[in-house]
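Reviewing the structure listed below.
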Amino acid sequence: MDYKQTINLPQTDFPMKADLARREPDILKRWEETQTYQKLREIAKGRPTFILQDGPPYANGAIHLGHAINKVLKDIVVKSRSMDGFDAPYVPGWDCHGLPIEHQIEKTRGKEVKALDPRAFRQACREFAQSQINGQREDFKRLGVMGDWDRPYITMAPKYEAEQLRSFAEILRNGHVYKGLKPVHWCLDCRSALAEAEVEYEDKVSPAIDVRFAVKDSADLAKRFGVPGLKSPASVIIWTTTPWTLPANQAVALGPEFRYTLVDTGAELLVLASSLVDAVTKRAGVENVTRLAEVEGAKLEGVKLQHPFYERVVPIILGDHVTIDDGTGAVHTAPGHGAEDFEVGLKYKLEVYNPVGSDGRFVAGTPIFEGERVFDANKHVIEVLKERGALLHETKLNHRYAHCWRHKTPVIYRATAQWFISMEQAGLRKGALREIAKVKWVPGWGENRINSMIADRPDWCISRQRAWGVPLALFTHKATGELHPRTVELLEDVAKLVEQGGIDAWFDLDPAVLLGGEAAEYEKVPDIMDVWFDSGSAHHCVPKMHPDVKDPADLYLEGSDQHRGWFHSSLLTSVAQHDRAPYKAVLTHGFTIDDKGRKMSKSLGNVVVPQKVIGTLGADVLRLWIAATDYANEMALSDEILKRVAESYRRIRNTARFLLGNLDGFDPATDKVPVSEMVAVDRWAVWRTHQLQEEVIAAYRSYQFHLIYQKVHNFCSVDLGGFYLDITKDRVYTTGKKSLPRRSAQTAMFYIAEALARWLAPILSFTAEEIWRYMPGARSESVFFNTFFEFPKELTQPPTIDWDAILNVRSAISRELEKLRNAGSIGAPLDAEVDVYTKGPLLETLQSFGEELRFVFITSAARAHSADSRPADAVAAVEGEGNTTWIAVKPTTATKCVRCWHKRPDVGQHPNHPELCGRCVTNVDGPGEQRRFT
RNA sequence: GGGUCUGUAGCUCAGUUGGUCAGAGCGCACCCCUGAUAAGGGUGAGGUCGGAGGUUCAAAUCCUCCCAGACCCA
């Protein structure tokens, strides 16, 4: 007889080979065709909501790994909240306005279009942005990210633009907006102000000069230094790398705490920071200097200096921004050309003087330098200084200098009329700082970080001199420059127009339409708003457009750079508008690096392209990597790491497959075994699974996905593969197909699979959905329509048997068996039999297992005895508390049962089944065996 | 240059308030199985916890400095 036919081997169509690259698109198609996301919204209706507000990616270019990480993390959060019983919608967004898109269009259509036909230019921008959105959307979907992809929010939607204006109107009404003259980063090529984010720092060679500012009143200086009188003319020496800013000089700043020395070179007297005297005089080629006196900077405040080439007297002022790392310790101050200069200038009421036009040339009427380009003027300034005898020293310096991120050209600081959101005038900074403290920041240091940024930041310049963006829809009085008194109402009028006709409605607007007779007195502000305001007002705009999204959101989740970006701009607009934060919690993730800890860059050739990973290993493997990596730090990815992840994936997949295979022929509706009748180890397995689920859910709630990966993988390898499934497969294979022992195991495996599929769903979305389809029993269309598995209550109670102790004995036996194996005495553990010598509760437990004990160790025989009766050759294997367990293993001499492969003395005792052991006889040709423990 | 943060076995991660805290899984090596089979099981070797000082009876865990890296800023 061929007993093999009586063995219940695993049977499932769930493929071992994932073939994700090929199979995932099919699942994707089904999600789309069956409207899985939309159905989920219906199913989740009425539950408590969890709102993750999407930070919109910029609608330009193919998605890279950073996008993938961000979207997948969001997807994991949303899906896990959904499975945890929340209604968690996800409305993706795109950021559409701004310079990069303008540049794309300029590249293809030429710069002229922008000036000649701005309407057509904006239309081209719009179409370009839409095409980018379409491309990115497909890639995001392919990652398995589930959301309302048919109804995303895009910042160039007329409704969004209109709502943004309404948000701005409220901010203005709340008194945060002002028009000011202020130095801003100015790109000579853009002819526009740049946001901080649009500036990058690159090496540049600049002239570095030491310049004399002659002291007007020698007697005053002498007094301040406490010397009787000065025998030579004295100068304060400043050091600068931007000679062209000297025409705008209004003061010389010293550090109040630093010490300054009056130096006699023989020919003249110089005032220098004491610690820099040697360096300066050395480079100036001065020998034999005499230090006449020393005094702290604060003592020199107010000393009058002669501007080196203009008829202008400028004061010595004090500033904390002065350093003595290099230079002279005296800082040339031009409030029209520097942020710190501007700040300190405010204190001393210095003029914000800016003689430079938007084209980067000195304006008409600028003495000496009129019409010259600023960087070219450097040379001329130096010549003039030389002529006037004001140049002490000149050299070149290679240093980091601000450049336009787009043009890669050096930018300047230039004071211009700009619109600002004030950090102080209506308490914005104070409010924002207060709100930061109320938000939960994950990881915690994020709070510290954004706090210091808000605490230190200057007012927010929100105006841009560009074409592709939401207009700063204001009317100012032609003569006074004042805002129209009905500005807030007018903004609402404009918003209505924009809602219908988009931003073109403003640009095309005849002011008379809104202002009537006043139109002649007012002009439209031509500026557009900083794009950061666009996305920053999403908390207001999106809920107005999409009923699923609410304000404030439960979570914002972006890369750590967004502390200065979107987290920051959103906080400011929200506090300015509503006096509260737009989010209850903020989660940040790090950036990708390679396995050597370096950032990914084309030049290093270490860039991992998500599309390529998806096309080979599959999106689920990429998702698993994202989940497995602790996003709080940098996230390292390389081919090796990917290989490891793919291996882990296979382990998890195969575990699921084996569970499914053993569930062949199991119908939970009729075959589930009542808990009271389940075999003890099956109950243990379910209990253990439940325990793990508690940990998994806790980790999802605290966004610690990498722990889930560790725990679940560990569970599959150790608890299941290394123990439960290993010892149970004998029972599933050899007992009767419908027998209680087998059904008990199937019941446990069924529960385990039910739980496992749900744990995996937020991370391995494709695979979980695939598993779901192969699960027995009636079930919903998608795994995502479920919440985490609810175990039968009785199975969540801890078992009375001390399985940990048994597992200790088991691993000790494994070590002993390994010795036999290496000695060539046995191969499989079934070739051996084992005697365990112990005492106390462990002995009682093991003995209570009786004949079933051998199944725990997968040996052909196993017996438990009192420790006292141990033979001399037993090995002390488990050290317990005052209780050592001894083990003796040996090859068994019994005959192998052809059916169950155990070597049993009762093989051959049954005349009809001479090759079988007694257990198999009853399973094949009798009532079947009983199992209580294993 | 400044701010924030990170650095535990080849890889991914655990290590609560300092005192079995030097761990897990994977990978690797070797062995076994061939009824999860391009699977499965077992055993084992790997780390002076980035480095150097210091505090303490005791530090991966606290302090200082240094090195490397990331983000933001200048």
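Computed from a predicted structure; not experimentally measured. Excluded from the calculations below are hydrogen atoms, water molecules and symmetry mates; all remaining heavy atoms, backbone and side chain alike, are included.
The listed nucleotides are B:A36, B:U12, B:A70; the one nearest the side chain of A:Asn654 is B:A36. Distances from the side chain of A:Arg564 to the nucleotides B:C73, B:A36, B:C13 place B:C73 closest. Of the listed nucleotides (B:A36, B:G41, B:G25), B:G41 has the atom at the smallest distance from the side chain of A:Arg821. Nearest to the side chain of A:Leu725, among B:C31, B:G35, B:A36, sits B:A36. Comparing atom distances between the A:Arg650 side chain and each of B:A70, B:A39, B:U12 picks out B:A39 as nearest. Nearest to the side chain of A:Ser811, among B:A70, B:U43, B:A24, sits B:U43. Among the nucleotides B:C72, B:A14, B:U43, the one closest to any side-chain atom of A:Arg815 is B:U43. Taking only side-chain atoms of A:Met16, from C-beta outward, the nucleotide of B:A14, B:A38, B:A70 with the closest atom is B:A38. The side chain of A:His713 lies closest to B:G25 when the candidates are B:G25, B:U43, B:A70. Comparing B:C72, B:A36, B:U37 against the side chain of A:Pro10 picks out B:A36 as the nearest.
To the nearest 0.5 Å, atom CG of residue A:Leu830 and atom CH2 of residue A:Trp901 are 9.0 Å apart. For the atom pair OG1 (A:Thr735) and CG (A:Asn923), the distance works out to 6.0 Å, reported to the nearest 0.5 Å.
Comparing the C1' positions of B:A9 and B:A14 gives a spacing of 13 Å, expressed to the nearest Å. Between B:C13 and B:G40, the two C1' atoms lie 25 Å apart (nearest whole Å). Of the P atoms belonging to B:U6 and B:G10, the separation is 22 Å, rounded to the nearest Å. Separating the C1' atom of B:U61 from that of B:U8 is a span of 11 Å, rounded to the nearest Å. Atom name P, nucleotides B:C11 and B:G50: the rounded distance is 14 Å, in whole Å. Separating the P atom of B:U16 from that of B:U56 is a span of 24 Å, rounded to the nearest Å. Nucleotides B:U20 and B:A60 have their P atoms positioned 10 Å apart, rounded to a whole Å. A distance of about 14 Å separates the P atoms of B:G23 and B:G44, rounded to the whole Å.
Across all strands shown, A:Asn822 has heavy atoms under 4.0 Å from sugar-phosphate atoms exclusively, and none from any base. Here A:Thr629 lies in heavy-atom contact (under 4.0 Å) with sugar-phosphate atoms only. A:Val645 comes within 4.0 angstrom of no nucleic acid atom, judged by non-hydrogen atoms across all strands. Contact annotation for A:Gln710: base contact, defined as any heavy-atom pair under 4.0 Å involving a base atom. Residue A:Arg899 is classed as a base contact, given a heavy-atom separation below 4.0 Å to a base. When heavy atoms are screened at a 4.0 angstrom cut-off, A:Val732 is found touching no nucleic acid atom at all. Using a 4.0 Å heavy-atom criterion, one finds that A:Lys729 contacts the bases of the nucleic acid, with or without backbone contacts as well. Within the 4.0 angstrom heavy-atom criterion, no nucleotide atom of any strand lies near A:Trp625. As judged by a 4.0 angstrom heavy-atom cut-off over every strand, A:Gly827 is placed among residues touching the sugar-phosphate backbone only.
Here B:G35 sits opposite no nucleotide as a Watson-Crick or G-U wobble pair (both hydrogen-bonding atom distances under 3.5 Å). When both pairing distances are held under 3.5 Å, B:A24 makes a Watson-Crick or G-U pair with B:U12. Pair check for B:C65 finds B:G51; Watson-Crick or G-U wobble, both atom distances under 3.5 Å. Nucleotide B:U56: unpaired (no Watson-Crick or G-U wobble partner with both distances less than 3.5 Å). Partner assigned to B:C30 is B:G42, using Watson-Crick or G-U wobble distances below 3.5 angstrom.
The aromatic ring centroids of A:His67 and A:Tyr58 lie 6.0 Å or more from each other. In summary, the aromatic rings of A:Phe715 and A:Trp759 are positioned with their centroids under 6.0 Å apart. Between A:Tyr3 and A:His913, the ring center distance clears the sub-6.0 Å criterion.
Classified by interplanar angle (parallel below 30°, tilted 30° to 60°, perpendicular above 60°), the ring pair A:Phe666/A:Phe750 is tilted. Between A:Tyr631 and A:Phe705, the angle of the ring planes lies from 30° to 60°, which puts this pair in the tilted group.
Taking only side-chain nitrogens and oxygens, A:Lys4 comes nearer than 4.0 Å to OP1 or OP2 of B:G35. Between A:His706 and B:A14 there is a side-chain polar atom (N or O) within less than 4.0 angstrom of OP1 or OP2. Here A:Arg651 reaches the OP1 or OP2 of B:G40: one of its side-chain N or O atoms lies under 4.0 Å away. Residue A:Tyr733 places at least one side-chain N or O under 4.0 Å from the OP1 or OP2 atom of B:A36.
Taking both residues in full, the closest heavy atoms of A:His399 and A:Thr241 are given as CE1-OG1, 3.6 Å, listed atom of the first, atom of the second, then distance.
Atom CG of A:Asp456 is surrounded by more than 12 heavy atoms from other residues, nucleotides or ligands within 6.0 Å.
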Between protein and nucleotides 3-11 of chain B, what N or O pairs are separated by less than 3.5 Å?
from  : atom 1 : to       : atom 2 : distance (Å)
B:C11 : O4'    : A:Glu640 : OE2    : 3.4

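Counting only N and O atoms by type, the side chains of A:Thr245 and A:Tyr413 include no donor and acceptor under 3.5 Å apart.
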